[in-house]
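Let me begin by presenting the structure, written as structure tokens, before commenting on it.
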There are 2 protein chains.
Amino acid sequence: MNDIQFAAIPLQQPLYKEVKRQIMAELISGEWKPGTAIPAEKRLSERFAVSIGTIRKAIDELVAENILIRQQGRGTFVATHNRDRLLFYFFHIVGQDGTKQYPVVALDAFARGKAEAEEAVKLGIRRGDPVIRIRNILKLADAPVIVDEIAIDQARFPGLSEKQFAGRPNTIYNLYQDAFGISVVRAQERLRAILADARNARLLKVAPKAPLLRIARVAFTYQDVPVEIRVSTVNTERHEYWSEIHNTER
Amino acid sequence: MNDIQFAAIPLQQPLYKEVKRQIMAELISGEWKPGTAIPAEKRLSERFAVSIGTIRKAIDELVAENILIRQQGRGTFVATHNRDRLLFYFFHIVGQDGTKQYPVVALDAFARGKAEAEEAVKLGIRRGDPVIRIRNILKLADAPVIVDEIAIDQARFPGLSEKQFAGRPNTIYNLYQDAFGISVVRAQERLRAILADARNARLLKVAPKAPLLRIARVAFTYQDVPVEIRVSTVNTERHEYWSEIHNTER
DNA sequence: CAGTGGTCTAGACCACATT
DNA sequence: ATGTGGTCTAGACCACTGT
């Protein structure tokens, strides 16, 4: 916490970027936990010895990145992956009329293995490093619609066991956060169309060679550190993948 | 200095929102054209009789929405749909290794017709109103990869003719902007997997019943007015749809 | 009520681009 | 040298939340 020294180090970065970096550091260290309020802007401005305007500009960016949430009159909170809020943030499968539905998740497989070459690259680990592989079946309106195949770095999730999934809410990003302090803040997805193989046909109850949507996702925590890779196979007969194209940066 | 009264109308909206609205009005009216600079912040602060900070906040939001572009030392410019910048903003098909390629567009069909019920709803017009339908074939690395089927409100694009597509650059969003002053700023897409029918199989040179990606897009201009609906059919054998969920910056 | 974030002001100085 | 946007300050007051 505490007596910050700006004096000796001439910043070549804007001051608010440095403030932002320090706030991020508190989040990463777990000092400020998801769901809790961070100190008031006035207090932060005193602690960092900058004006409130500068604090606000740093927080502005973190709010834009969905890392902090402002609530007028209450405070500024560390974003949590609460069921509703972050579920539909990362869950883009909607009904054909665009309606959002809550998936019901069932664990289908849980195994420990070694990272293959491509997995290792995407997870930022080495080939052969221990990974955990999880397969989930997601139902929408009582029908199996999605098969999720997840791989994570075992070292990053020590002690993760099959049991922890029992009765879990919809996304395992809550689990990552609650049990391991890892917040997923960003994801990249690549989509293509494939034909159902025998296993997917069985799991999704479609005909062999039915068309399916294949989504390959890499999920990142703060500072672009990859934490999970996931392949989702989706029956898009009655559901669709929804994408909103809006602002990038300059 | 706050004795300035805005026409005795007590604003229930923040002042910067009102400023933003007025800047938008200039853009929509075509007073400030894409590619040109808008007046300097200082001048705007005088014109609107507000502080520079308030002007900046209004412009901040328009920049975040990709409607304006700031360039330090030069000015603030109305965003243009220049080939590169806005092409990959709305064009999300990439190579399997994630590389971006420029599509080569060929006009395959151009027809005038009447809006069907669903088209009319999405375009915000009435059933039976005149529409223009366009079919493009997009090649990537010399192979046909995408079939685009576009429908637009004929009333919104008076005098649009087949000829205007000759030698056009990659996206027709440039055409919308240059020839009709319509800037596409946002789009919604819905994706699903389908099987190739006879026509698509022929156009994309794939086997009948090959898996294809079907993208249904609605494109909007300022203030969420729909201007185009488009169905893209993509061969994802060698290409993928790329989606970034939540963009962090460096 | 006190405390929070939200808006707004009126400057100052800096970094950058153009002339 | 001039003009632009970018950063930063030190306040003021408003709107909202909780006690």
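Reckoned from all heavy atoms, side chains included, excluding hydrogens, waters and symmetry mates.
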- Task: Looking at every strand, decide which applies to A:Lys42 at a 4.0 Å heavy-atom threshold: base, sugar-phosphate, or nothing.
- Result: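 Here A:Lys42 touches no strand at all.
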
- Message: To the closest 0.5 Å, what do you measure between NZ (B:Lys57) and CG (B:Leu62)?
- Response: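 The CG atom of B:Leu62 is 13.5 Å from NZ of B:Lys57, to the nearest 0.5 Å.
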
- Can you tell me how far the CG atom of B:Leu140 sits from the CD1 atom of B:Ile146, to the nearest 0.5 Å? 5.5 Å

- Name the residue closer to the 5' end of DNA chain C, choosing between A:Thr76 and B:Lys17 according to the nucleotide with the nearest heavy atom. A:Thr76

- Which two nucleotides bound the region of DNA chain D that has atoms under 4.0 Å from heavy atoms of chain A, read 5' to 3'?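 Counting from the 5' end, contacts occupy D:dT7 to D:dG18.
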
- Item | Residues forming a ring pair (Phe, Tyr, Trp, His ring centres under 6.0 Å) with A:Phe180, sequence neighbours excluded |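 Applying ring pair (Phe, Tyr, Trp, His ring centres under 6.0 Å) to A:Phe180 gives A:Phe157.
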
- Kindly write out the residues that satisfy ring pair (Phe, Tyr, Trp, His ring centres under 6.0 Å) with B:Trp242, not counting sequence neighbours, or none if the list is empty. B:His92

- Message: Applying salt bridge (Lys or Arg N to Asp or Glu O under 4.0 Å) to A:Glu46 and A:Arg43, what does each step give before you reach the verdict?
- Response: CA-CA 5 Å; A:Glu46 289 159 4; A:Arg43 265 186 55 66; 5.2 Å; no

- Query: CD1 of A:Ile55 versus C1' of C:dG5: gap in Å, rounded?
  - Reply: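 Nearest whole value for this atom pair: 13 Å.
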
- Task: Rounded to the nearest angstrom, tell me the gap between atom CG in A:Leu15 and atom C1' in C:dA15.
- Result: 16 Å

- Given that A:Lys57 and A:Gln72 both sit by DNA chain D, which one's nearest nucleotide is further toward the 5' end?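 The residue closer to the strand's 5' end, by nearest nucleotide, is A:Lys57.
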
- Phosphate-side-chain proximity, B:Arg74 and C:dT18, N/O vs OP1/OP2 below 4.0 Å: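 Affirmative; the distance criterion is met.
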
- Query: Are any of the side-chain nitrogens in B:Arg217 or A:Glu244 under 4.0 Å away from the carboxylate oxygens of its partner?
  - Reply: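 Not counted as a salt bridge, because no side-chain N and carboxylate O are separated by less than 4.0 Å.
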
